[in-house]
Amino acid sequence: MTTPQLPTTTPENVQQLLNRAQSLAGYTLGELAARANIAIPRDLKRDKGWVGMLLELYLGASAGSKPEQDFPERGVELKTIPIDSRGKPLETTFVCVAPLTGNSGVTWESSHVRHKLQRVLWIPVEGERQIPLEQRRVGSPLLWTPNEEENEQLKRDWEELMDMIVLGKVERITARHGEVLQIRPKAANSRALTEATGEHGEPILTLPRGFYLKKNFTAALLARHFLL
DNA sequence: ATCTGATCATGA
DNA sequence: TCATGATCAGAT
């Protein structure tokens, strides 16, 4: 099976990163885990980040779990995305934490969402639960930068959602707001609390939230690449 | 507590 | 069946 070698360094340039990613296509998670000497969990219930961490190893990601892009030197963010047999996303994609305080003066241009999504290396991975984890295959990577239309969609949603946060309406936001970008809880559990601003400008405690890309958006972006 | 990596599990 | 709201583990 001759799986790719594990790199010991961060990629020198984007081409090398892309080469590394392409070399993984077609291998199973079992093959990659074996060569990396990583134990394979029976499922992802208690190891939700396992696939992402495994691929980071094979690409030489440097940031670890620091609040940075995965390849800060290259300006690239890595996202594994679980897909079904037709290539469609099985899950939404977490982007970053939604800032609930200190938002006076923040704009789309300076937002974390825009910066995170400026360049993303998408790696599709088979994600159907009927396929044993070790048999799931890695797909072909896609290096993506939002086009004008995607940027506008993201900007519109971001502005709508941030307006609600700034106006103290965090707790009125549901995952139904936004066409392509949504805000949902991002926490250890429903008892975790963080500071925000209430409807009358008072400080309140609320569930930490995150920005997520809806499946319609990631499905379209993958389709544009793979069936054009 | 908050960031990283995300998927789970239940109600509609 | 599927998206929303809830949750899991590890690093910092």
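In what follows, chains are A, B, ... by sequence order, proteins preceding strands, each numbered from 1. For the numbers below, each heavy atom of this structure counts, side chains included, while hydrogens, waters and symmetry mates do not.
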* To do: State, to 0.1 Å, how close A/Asn151 and A/Pro146 come at their nearest heavy-atom pair, and which atoms those are.
  => ND2-O, 3.7 Å

* Below 3.5 Å, does any donor atom in the side chain of A/Tyr212 face an acceptor in the base of C/dA3, or the other way round? -> no

* Asked: Is A/Arg176 touching bases, backbone alone, or none of the nucleic acid, heavy atoms closer than 4.0 Å?
  -> sugar-phosphate

* Asked: According to a strict under-4.0 Å criterion, is A/Thr174 in side-chain N/O contact with OP1 or OP2 of C/dT4?
  -> no

* Does the side chain of A/Lys88 get closer than 4.0 angstrom to OP1 or OP2 of C/dT1 through an N or O atom? -> no

* Nucleotide C/dA3, atom C1' - distance to CG of A/Asn216 in whole Å -> 11 Å

* To do: Just call it for A/Leu193: base, sugar-phosphate, or nothing, with non-hydrogen atoms closer than 4.0 Å on any strand.
  => sugar-phosphate

* Asked: The side chain of A/Ala175 lies closest to which of these nucleotides: C/dT4, B/dG5, B/dA9?
  -> C/dT4

* Working for side-chain contact (heavy atoms from CB on, under 4.5 Å), residues A/Leu181 and A/Leu213 -> CA-CA 5 Å; A/Leu181 189 70; A/Leu213 296 175; 3.8 Å; yes

* If you check every side-chain atom of A/Thr92, which of B/dT7, B/dC3, B/dA9 has the closest atom? -> B/dT7

* To do: Using a heavy-atom cut-off of under 4.0 Å over every strand shown, decide if A/Arg184 touches base, sugar-phosphate, or nothing.
  => base

* Starting at CZ of A/Phe211 and ending at P of B/dA6, how long is that distance when rounded to a whole Å? -> 19 Å

* Structure fact -> Considering only heavy side-chain atoms of A/Lys48, the closest of C/dT7, C/dT4, B/dT2 is C/dT7

* For the side chain of A/Arg46, starting at C-beta, report the closest nucleotide among B/dG5, C/dA9, C/dT7. => C/dA9

* To do: Decide if atom NZ of A/Lys88 counts as having more than 12 heavy atoms of other residues, nucleotides or ligands within a radius under 6.0 Å.
  => no

* To do: Please tell me which of the listed nucleotides, B/dC8, C/dT4, B/dA6, lies nearest to the side chain of A/Lys214?
  => C/dT4

* Which comes earlier along DNA chain B counting from the 5' end, the contact point of A/Lys45 or that of A/Thr80, where each point is its nearest nucleotide? -> A/Thr80

* Asked: Pick the nucleotide of DNA chain C nearest each of A/Gln182 and A/Lys186; which residue has the one closer to the 5' end?
  -> A/Gln182

* To do: Mind running side-chain contact (heavy atoms from CB on, under 4.5 Å) on A/Val138 and A/Thr80 for me, showing each step along the way?
  => CA-CA 9 Å; A/Val138 177; A/Thr80 61; over 6 Å; no

* Structure fact -> Rounded to whole Å, the CD-P distance (A/Glu77 to B/dT4) equals 8 Å

* Counting side-chain heavy atoms from CB outward, which of B/dA9, C/dA3, C/dG5 is closest to A/Lys215? -> C/dA3

* Answer yes or no: does atom CZ of A/Arg137 have more than 12 heavy-atom neighbours from other residues, nucleotides or ligands under 6.0 Å? => no

* Name the nucleic acid region contacted by A/Gly49, choosing base, sugar-phosphate or nothing; use a 4.0 angstrom heavy-atom cut-off, strictly under. => base

* Asked: For A/Ala192, which contact category applies under a 4.0 Å heavy-atom criterion: base, sugar-phosphate, or nothing?
  -> nothing

* Asked: DNA chain B: A/Arg136 or A/Trp50, which has the more 5' nearest nucleotide?
  -> A/Trp50

* Residue A/Leu207, side-chain heavy atoms: nucleotide from C/dA6, C/dG5, C/dC8 that is nearest -> C/dA6

* Structure fact -> When rounded to whole Å, the CG to P distance for the pair A/Leu100 and B/dT2 reads 9 Å

